[in-house]
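Here the structure is laid out as structure tokens; the discussion comes afterwards.
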Amino acid sequence: MAEEPIILFEHVNKTYKNGTIGLKDINLSIPKGQFLVVVGLSGAGKSTLLRTINRMHGITDGKLYVDGDEISQYKGKALRTLRRQIGMIFQNFNLVNRSSVQKNVLSGRVGYYPAWKSILGLFSKSDRDKAVRSLRRVNMLEKLYARADELSGGQQQRVAIARTLMQDPKIILADEPIASLDPKTTKTVMDTLKSLNQEDEMTVIVNLHSVSLAREYADRIIGLRAGEVVYDQMIENVKEADLNQIYQTEEDS
Amino acid sequence: MENSQKIPSRSFAQRWHIKPILGTVIMVILLVFSSQMADVNVGMFFANLSQFTDLLVRMSNPTWSYLSIIWQPLYETIQMAILGTTIGTIFAVPFSLLAASNLVHNGIIRNVIRIILDLVRTLPDLLLAAIFVAIFGIGSTAGVVTLAIFSFGMISKLFYEVIETIDMGPIEALESVGARKLTVIWYAVIPQILNQFISYFLYTLEINVRASTVLGYIGAGGIGVFLQRSLNEFNYGATAVIILATLIIVLVIDGISNHLRRILL
Ligand SMILES: Nc1ncnc2c1ncn2[C@@H]1O[C@H](COP(=O)(O)OP(=O)(O)OP(=O)(O)O)[C@@H](O)[C@H]1O
Ligand SMILES: [Mg+2]
């Protein structure tokens, strides 16, 4: 029997409050340790798909399993515990600009502390060391005491990855992590994600607009269109022509 | 390919600047109309200018020795303003968080809070002071409570409007790591608004220093009490000293506060 998938979508639908269909009958099994890239046109539902996994968005119906547990009804403590094992990386980095790099990185750990301790900044010695190790890992240790808004985009994204590492995540969700970066920093960021996947055995799911990057890094590529999975192949079976198909609009075809 | 882009033509209203002209005309009509309704006689202002100059002449001889007496009430005025503003701010923080639409998605809570804040802001501070003088008696307690309520109403509104302009990205990030609501506010909201909060606090303090001199006039403590007494006793030399000293204090505090605010923003 195959190993249990770390993420499993069963007939998942998501309709936004205003009636927009975000996801339509998604069935998806993601094994542990996979590097999955999601591609699709703008508005296809990539961000929506990613955000249902850590329940930043709720689903309308269907079942969604993470590590064997059905999470779609999680609330309060259960929800926070789910979220702290899932790292999320954003297109706009989402650092607190006016805070130091150190504080930003430590904020990745607050899910493990009661509110009063994190507010007073009472982090344990081992977590402070962990922040140093996380920053060293992304080559940003020298900026420990810099303010986040003093950093370039690529540096900010690396700090954001360090923040995510503080969570000890099993899963990393990255929503167009390189969309506002130049080609060189793009490579650094994608390589870091790849190393988390290969060395730390994290399951990584990345939304990308670039087909060539998808082919370079993915174990598997899925394509979304209008909230539906229209393409799903392991990398060895991916053909250029199929991918271009995903990016065709109604009028083109 | 042929380029068919043209400059769009302006509408009639845009071409003849109808809106600004109409606005000015309406303003003028309202102004004339309302001054007639309220029985304002502009002529009287100029007719009585002579009395004003007369007063100035009589005040032109300040009794400087009076300074030593008003030192203490001036200090009290400033203390009233600081205390009132601080108490008002402490209450304003939770209310402004609850009134911000980007933090509280429950429309009912938000609207109830906003209605309360709107009501508080409609209360004139002189009316409040009169009521509290009646309750607490003449003295600075009435002044502090009045200023606290006034600051609360004003600061809450200024604060929640600041909160509504913050970048939501960091909030999303903190929620995604499994942080509690309070932790999210501490890590992702406060750093974004702290400087503006302090700036608005100082601004309100400036207003309150000025307001507390007036409040004293109706018995709510501070320098205003002495101002009223000197006027009643036709002791214009003392009046002049009080006004000059108050002016200097207000200018100094405005200066300090303006300087701090420039550094902050
Ligand atoms: N909060 C929301 N409320 C209503 N509709 C939304 C909301 N968020 C997204 N949508 C809609 O859901 C659909 C999917 O959006 P989503 O953001 O998931 O697309 P995407 O594939 O990530 O696009 P992009 O490449 O532009 O980021 C779009 O039609 C979008 O307009
Ligand atoms: Mg998106």
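By convention in this document, chain letters (A, B, ...) are assigned in the order of the sequence lines, proteins followed by strands, and residues within each chain are numbered from 1. Remember, predicted model here, so these are calculated numbers, not experimental data.
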Which bit of B:L182 is near chain A, if near means a heavy-atom gap under 4.5 Å: side chain, backbone, both or neither?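 The answer is both parts of B:L182.
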Quick one: pull up CH2 in B:W186 and OG in A:S118 and give me the separation to the nearest 0.5 Å. 10.5 Å
Let me see the working for A:S107 and B:V177 under side-chain contact (heavy atoms from CB on, under 4.5 Å), right down to the final yes or no. CA-CA 8 Å; A:S107 78; B:V177 305; 6.0 Å; no
Is the count of non-hydrogen atoms from other residues, nucleotides or ligands lying under 6.0 Å from [X] atom [atom1] greater than 12?
{"X": "B:Y75", "atom1": "OH", "value": "no"}
{"X": "B:Y203", "atom1": "OH", "value": "no"}
{"X": "B:E161", "atom1": "CD", "value": "yes"}
{"X": "B:F91", "atom1": "CZ", "value": "no"}
{"X": "B:I108", "atom1": "CD1", "value": "no"}

Spell out the residues in residues 84-100 of chain A that have some non-hydrogen atom less than 4.5 Å away from a non-hydrogen atom of chain B, in order of number; otherwise answer 'none'.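 Heavy-atom contacts from residues 84-100 of chain A to chain B are A:R84, A:I86, A:M88, A:F90, A:N94, A:L95, A:V96, A:R98, A:S99.
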Nearest heavy-atom approach of B:S176 to A:N54 is CB-ND2, 3.9 Å
So, for A:R80 and B:G178, which heavy atoms are closest and what is the spacing to 0.1 Å?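 Smallest interatomic distance, heavy atoms only, reads CD-O, 3.3 Å.
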Heavy-atom pairs under 4.5 Å with chain B: which of A:R51, A:R55, A:R109, A:M166 has the most? A:R51
Taking B:K181, B:E172, B:Q192, B:E175 one by one, which has the highest count of heavy-atom pairs under 4.5 Å against chain A?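 The residue among B:K181, B:E172, B:Q192, B:E175 with the greatest pair count is B:E172.
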